[in-house]
There are 2 protein chains.
Amino acid sequence: MSGFLRYKKILDLFSEERSSWTVLEISKALETPSSTIYRIIREMVSAEFLESAAGSYFRLGPAFIKFNRIINFSDPLVRAGQPFLKKLADENPITSVNVLARLYGNKVMCVADYKSPSFKKNTSYQRGKLMPLIYGATSRAIIMQITNKKLQDLINLENFKSDEDKNNFLKDLKNDRKKGYCFTEGQVDKGLIGFAVSISNKKLGIEASLSSIFDLDEFLLEHEPVIYANLTSYGLLVEKYINEIFEDIQKYHHETNSIR
Amino acid sequence: MSGFLRYKKILDLFSEERSSWTVLEISKALETPSSTIYRIIREMVSAEFLESAAGSYFRLGPAFIKFNRIINFSDPLVRAGQPFLKKLADENPITSVNVLARLYGNKVMCVADYKSPSFKKNTSYQRGKLMPLIYGATSRAIIMQITNKKLQDLINLENFKSDEDKNNFLKDLKNDRKKGYCFTEGQVDKGLIGFAVSISNKKLGIEASLSSIFDLDEFLLEHEPVIYANLTSYGLLVEKYINEIFEDIQKYHHETNSIR
DNA sequence: AGCTTAATTATCAAATAATGATAATTGTCT
DNA sequence: AGACAATTATCATTATTTGATAATTAAGCT
């Protein structure tokens with residue numbers, strides 16, 4: 001183990017299910033002597049990436065809250081899209097969960113979400129959560145904008161049940177790309193349906209989606225045109241704002257560089 | 001530069017004001033050859049702690065969103081306190097910003113916040129933001145529970161205008177400790193006032209505070225008893241929940257350890 | 001499409017840091 | 001105060017990082 005991986009392997013042990021670890025537990029899990037782990041943990045604690053909790057346990061440190069905030073206030077996708085999620089929810093014909101998501105490695109990550117206050121069911125789409133690449137409208141609206149080699153590489157990492165499954169998936173993808181939006185039913189959460197449109201910005205390397213998730217029990221066919229109209233118009237609006245933010249950033253960097 | 005510091009120094013360059021950097025800029029800022037920075041950046045990008053943006057710029061990566069989420073769902077303070085912030089806001093006599101904050105190094109960090117929808121003015125208290133240790137009720141309710149050497153060390157890091165200032169601060173601290181809550185006016189944001197109570201849990205090493213911030217223009221003296229009652233009762237409630245979460249965690253670790 | 005320049009990766013010997021077994025110290029609980 | 005667990009210190013060995021330079025790849029421009 002070397003470089004940043006040494007630290008990342010430790011951080012990756014911490015999860016929602018298991019959020020505190022002792023040095024001995026880490027030492028066992030990574031098959032590394034505890035004297036080494038003690039040394040590394042000490043470093044990470046002093047950098048506030050970990051912190052010591054009760055009973056010689058350690059947990060994730062406040063550095064993550066700090067950097068998360070910086071992303072919130074500076075990430076073009078979050079900045080551009082976050083403010084529209086509530087509006088989208090308010091304009092949808094029935095209660096909804098509205099999500100901005102993006103590619104994260106070979107998964108999809110939700111980077112912002114807004115749930116109507118009266119939305120009852122639980123959903124998997126919450127900020128920071130990783131979602132499967134090939135299930136759900138949210139994910140599909142992201143991969144349907146990816147092409148060629150990158151798409152091949154991503155798809156090859158997935159385990160399809162059969163070749164037929166894989167071909168069907170690719171066919172659906174093609175259709176949705178033509179239509180310009182996605183619909184799926186119960187692929188991620190039972191009893192929920194999702195609609196999604198792509199969000200992209202080539203210059204900023206953004207491959208994302210905007211989606212609305214509804215309770216199947218509340219949904220009527222007549223809602224679809226409104227949902228579709230809302231998503232596409234807000235999707236375009238978000239892309240427009242991303243572009244404005246991009247120009248702001250450019251201007252800023254231009255200024256700071258010419259001062260030097 | 002060695003160990004984790006090598007990586008942390010790069011991450012620390014990223015801020016709300018300056019959220020993207022090129023390799024060359026980092027190389028200059030840290031006075032390190034660009035070939036070295038390139039290598040390190042590559043590592044951090046593949047770990048998703050950084051990501052490449054447009055125009056050969058790099059920005060903070062989605063790993064922070066992911067780990068932030070894990071903290072949200074597992075940190076005892078956030079888990080216990082977050083749900084009460086809205087309730088506190090709703091029960092306060094006038095619109096308010098309500099904040100959970102904790103010690104972070106020699107600063108205070110807001111770890112959860114809820115602003116009444118109709119609250120007009122801007123405040124500095126937002127999740128993830130670092131606040132000064134010696135200004136504002138939010139901070140004072142934290143340090144007033146700290147004693148002896150730890151208090152000395154923290155105070156010694158602060159720059160007081162004069163020795164008199166320092167002594168007055170310590171005197172105020174002592175008074176507030178007796179009263180059990182803090183009040184300050186305009187110390188952090190002009191035109192705003194803050195009330196705060198301490199939140200602590202020795203076993204979990206939690207040194208925190210719960211606070212409500214109001215617009216001075218809306219505040220009347222008759223509001224104070226209600227504000228005070230709300231804060232103290234919710235403060236105790238949060239501490240009770242922290243304790244329950246602590247016991248849950250213990251039970252969980254007990255189980256997982258006996259399985260092995 | 002081809003040309004130009006900037007961005008990024010690869011190479012490798014020298015310099016530096018990480019490792020882990022062990023011992024020493026500190027902290028905690030009764 | 002004593003016993004046990006947690007943490008830190010030590011240090012020779014081993015492995016990794018460094019940075020100057022060269023090679024490659026990507027991006028911008030006409």
Side-chain angles (χ1 to χ4, degrees), chain A residues 1-11 20-47 49-59 61 147-150 153 201-206 246-247 249-250 253-254 257-258 260, chain B residues 1-11 20-47 49-59 61 147-150 153 201-205 246 249-250 253-254 257-258 260:
Chain A
M1 228 188 320
S2 71
F4 194 66
L5 205 66
R6 178 174 40 212
Y7 305 101
K8 187 182 185 305
K9 276 214 167 184
I10 292 179
L11 292 173
S20 53
W21 291 73
T22 65
V23 169
L24 249 55
E25 287 167 351
I26 295 173
S27 161
K28 267 186 199 170
L30 303 183
E31 300 179 46
T32 305
S34 59
S35 65
T36 301
I37 302 294
Y38 269 114
R39 196 171 342 97
I40 296 178
I41 294 280
R42 208 185 320 154
E43 272 190 283
M44 296 177 80
V45 168
S46 83
F49 276 68
L50 290 178
E51 65 179 10
S52 69
S56 65
Y57 278 89
F58 291 87
R59 60 171 173 241
T147 52
N148 306 334
K149 190 173 173 303
K150 188 163 183 184
D153 290 348
N201 184 299
K202 267 217 171 138
K203 289 188 184 164
L204 280 167
I206 289 173
F246 170 66
E247 277 159 17
I249 294 172
Q250 276 213 318
H253 279 133
H254 195 266
N257 281 330
S258 39
R260 271 175 224 153
Chain B
M1 227 192 318
S2 70
F4 194 67
L5 204 68
R6 175 176 39 198
Y7 305 101
K8 187 182 185 304
K9 277 213 168 184
I10 291 179
L11 291 174
S20 52
W21 292 72
T22 65
V23 169
L24 248 55
E25 287 167 351
I26 296 173
S27 162
K28 267 186 199 168
L30 302 183
E31 300 179 45
T32 305
S34 60
S35 64
T36 301
I37 301 294
Y38 269 114
R39 196 170 343 97
I40 296 178
I41 294 279
R42 207 185 321 155
E43 272 190 285
M44 296 176 79
V45 168
S46 83
F49 276 67
L50 290 178
E51 63 178 14
S52 69
S56 67
Y57 279 89
F58 291 87
R59 60 173 174 240
T147 52
N148 306 332
K149 191 172 173 303
K150 187 162 183 184
D153 290 349
N201 184 299
K202 267 216 169 140
K203 290 187 183 165
L204 280 167
F246 171 66
I249 294 172
Q250 278 213 316
H253 279 133
H254 195 265
N257 280 329
S258 41
R260 270 175 226 154

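Numbered from 1 within each chain, the chains take letters A, B, ... in sequence-line order. What's counted below: heavy atoms across the whole structure, side chains too, no hydrogens, waters or symmetry copies.
A:Glu43 and B:Gly3 make their closest contact through OE2-CA, 3.2 Å (heavy atoms, listed as atom of the first residue, atom of the second, distance).
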Subject >> From CA spacing to verdict: side-chain contact (heavy atoms from CB on, under 4.5 Å), B:Leu11, A:Phe49 >> reply: CA-CA 12 Å; B:Leu11 291 174; A:Phe49 276 68; 3.7 Å; yes
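At whole-Å resolution of the value, CD1 in A:Ile26 and C1' in D:dT7 are 14 Å apart. The nearest whole Å value for the distance from the CZ atom in B:Phe58 to the C1' atom in C:dT9 is 12 Å. When the P atom of D:dT17 is taken as reference, atom CG of A:Leu5 falls 10 Å away, rounded to whole Å. Distance CG (A:Leu24) to C1' (D:dA6): 9 Å, rounded to an integer number of Å. At whole-Å resolution of the value, NZ in A:Lys202 and P in D:dA27 are 11 Å apart. For A:Glu25 and D:dT7, the CD to P distance is 12 Å, given to the nearest whole Å. The NZ atom of A:Lys28 sits 11 Å away from the P atom of D:dA6 (whole-angstrom rounding).
In this structure, A:Leu50 CG and A:Tyr57 OH are separated by 15.0 Å, a value rounded to the nearest 0.5 Å.
Contact annotation: A:Arg42 side-chain N/O to D:dA6 OP1/OP2 distance is not under 4.0 Å. Applying the 4.0 Å criterion to OP1 and OP2 of C:dT8, one finds that B:Tyr38 has a side-chain N or O inside that range.
The aromatic rings of A:Phe4 and B:Phe4 sit parallel, their planes meeting at an angle under 30°, below the 60° perpendicular limit.
Applying the side-chain contact (heavy atoms from CB on, under 4.5 Å) rule to A:Phe58 yields the partners A:Val23, A:Ile41, A:Val45, A:Ser52; only residues at least two apart in sequence or on another chain are considered.
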Subject >> Base versus backbone protein contacts along nucleotides 18-30 of chain C [heavy-atom cut-off under 4.0 Å; B, S, -] >> reply: SBBBB--------
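Side-chain N or O atoms of B:Ser27 include one that pairs as donor or acceptor with a backbone N or O of B:Thr32 at under 3.5 Å.
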